[in-house]
Amino acid sequence: MKKFLLPLAAVLLMASGCTKEYVTKQYVTEQTIVQGMDMSLIDFEVKSENWTQRYMDNLNDDEGYYEAILQVPEITDEVIKKGLVLVYERLEEGIWTPLPAQRTERATVDGNPFNYTTFTDFEYQKGQVNVYVTTTDLYAGTMPGPKYFRVAVQL
């Protein structure tokens with residue numbers, strides 16, 4: 001038993017002296033270092049005119065979703081195979097939320113106020129991110145935007 005306890009005590013003592021070093025640089029350019037790995041952070045503004053309305057098959061004109069395509073050359077084949085792509089939406093200055101996200105919105109149409117739900121999600125492929133905004137009442141909403149997104153690409 002003593003033979004087992006001595007190596008265990010040595011391992012615990014060495015482990016308690018170890019610390020992980022987290023390196024984070026101030027976001028100055030589009031590159032930052034997080035935990036010793038390269039990560040690109042790219043900010044996008046999608047204006048109202050940059051959204052495309054997509055209709056679902058066999059549905060009315062007021063049913064569907066909006067799509068914006070973000071060009072992100074940092075998403076390479078290697079990132080797709082081994083990396084990570086995350087997208088965040090800026091809710092207001094200094095407040096970001098990860099996608100997918102669901103929010104309750106308030107609108108007024110023809111003088112009548114009502115609530116509706118907005119769901120924002122994304123998918124990515126080599127060189128681009130597709131952002132989708134779906135509302136529970138497409139008629140009530142106008143084209144989204146401007147909306148601000150941050151894409152994080154890590155290899």
S.K.: By the definition side chain to side chain contact (heavy atoms under 4.5 Å, CB included), identify the one residue from Ile69, Val72, Val151, Leu70 that meets it with Gln128.
M.R.: Ile69
S.K.: Check the angle between the aromatic planes of Phe114 and Tyr116 and answer parallel, tilted or perpendicular using the 30° and 60° thresholds.
M.R.: tilted
S.K.: What's the verdict on side chain to side chain contact (heavy atoms under 4.5 Å, CB included) for Thr117 and Arg103, showing C-alpha distance, side-chain angles and the deciding distance?
M.R.: CA-CA 6 Å; Thr117 302; Arg103 316 251 346 135; over 6 Å; no
S.K.: Starting from the C-alpha separation in whole Å, work towards a yes-or-no answer on side chain to side chain contact (heavy atoms under 4.5 Å, CB included) for Lys126 and Ile80.
M.R.: CA-CA 7 Å; Lys126 182 179 177 181; Ile80 291 171; 3.8 Å; yes
S.K.: Mind checking the CG-CD spacing from Leu99 to Glu123? Nearest 0.5 Å is all I need.
M.R.: 12.5 Å
S.K.: Could you walk me through whether Val131 and Val129 satisfy the side chain to side chain contact (heavy atoms under 4.5 Å, CB included) test, starting with their C-alpha distance in whole Å, then the side-chain angles of each, then the deciding distance to 0.1 Å, before giving a yes or no?
M.R.: CA-CA 6 Å; Val131 178; Val129 170; 4.1 Å; yes
S.K.: How many angstroms lie between atom NZ of Lys147 and atom OG of Ser48, to the nearest 0.5 angstrom?
M.R.: 10.0 Å
S.K.: I'd like to know if Tyr148 and Tyr124 are part of one continuous hydrophobic network [Ile/Leu/Val/Met/Phe/Trp/Tyr, side-chain heavy atoms within less than 4.5 Å].
M.R.: no
S.K.: How far does CD of Glu67 sit from OG1 of Thr52, to the nearest 0.5 angstrom?
M.R.: 6.0 Å
S.K.: List the steps and the verdict of side chain to side chain contact (heavy atoms under 4.5 Å, CB included) for Thr118 and Gln102.
M.R.: CA-CA 6 Å; Thr118 300; Gln102 183 173 321; over 6 Å; no
S.K.: Can you list, by chain and residue number, the hydrophobic cluster partners of Trp96 when the side-chain cut-off is 4.5 Å?
M.R.: Leu84, Leu86, Tyr88
S.K.: From Asn130 CG over to Gln125 CD, what is the distance, rounded to the nearest 0.5 angstrom?
M.R.: 5.5 Å
S.K.: Would you name the heavy atoms of Val85 and Phe122 that are closest together and state the gap between them?
M.R.: O-CZ, 3.9 Å
S.K.: Between Glu74 and Ile42, is there a side-chain heavy-atom distance shorter than 4.5 Å?
M.R.: yes
S.K.: Find the distance between OH (Tyr66) and OG1 (Thr135) and round it off to the nearest 0.5 Å.
M.R.: 6.0 Å
S.K.: Measure the spacing between CG of Leu155 and NZ of Lys82 and express it to the nearest 0.5 Å.
M.R.: 7.5 Å
S.K.: Same cluster or not: Val133 versus Phe44, using hydrophobic residues (I, L, V, M, F, W, Y) connected whenever any side-chain heavy atoms lie under 4.5 Å apart?
M.R.: yes
S.K.: Show the numbers, then the answer: is there a ring-ring contact (aromatic ring centres under 6.0 Å, His included) between Tyr65 and Tyr132?
M.R.: CA-CA 7 Å; Tyr65 59 94; Tyr132 304 102; 5.7 Å; yes
S.K.: What pair of heavy atoms forms the shortest contact from Arg90 to Glu93, and how long is it?
M.R.: NH1-OE1, 3.4 Å
S.K.: Taking all atoms of both residues into account, what is the closest heavy-atom pair of Arg150 and Asp43, and its distance?
M.R.: NE-OD1, 2.6 Å
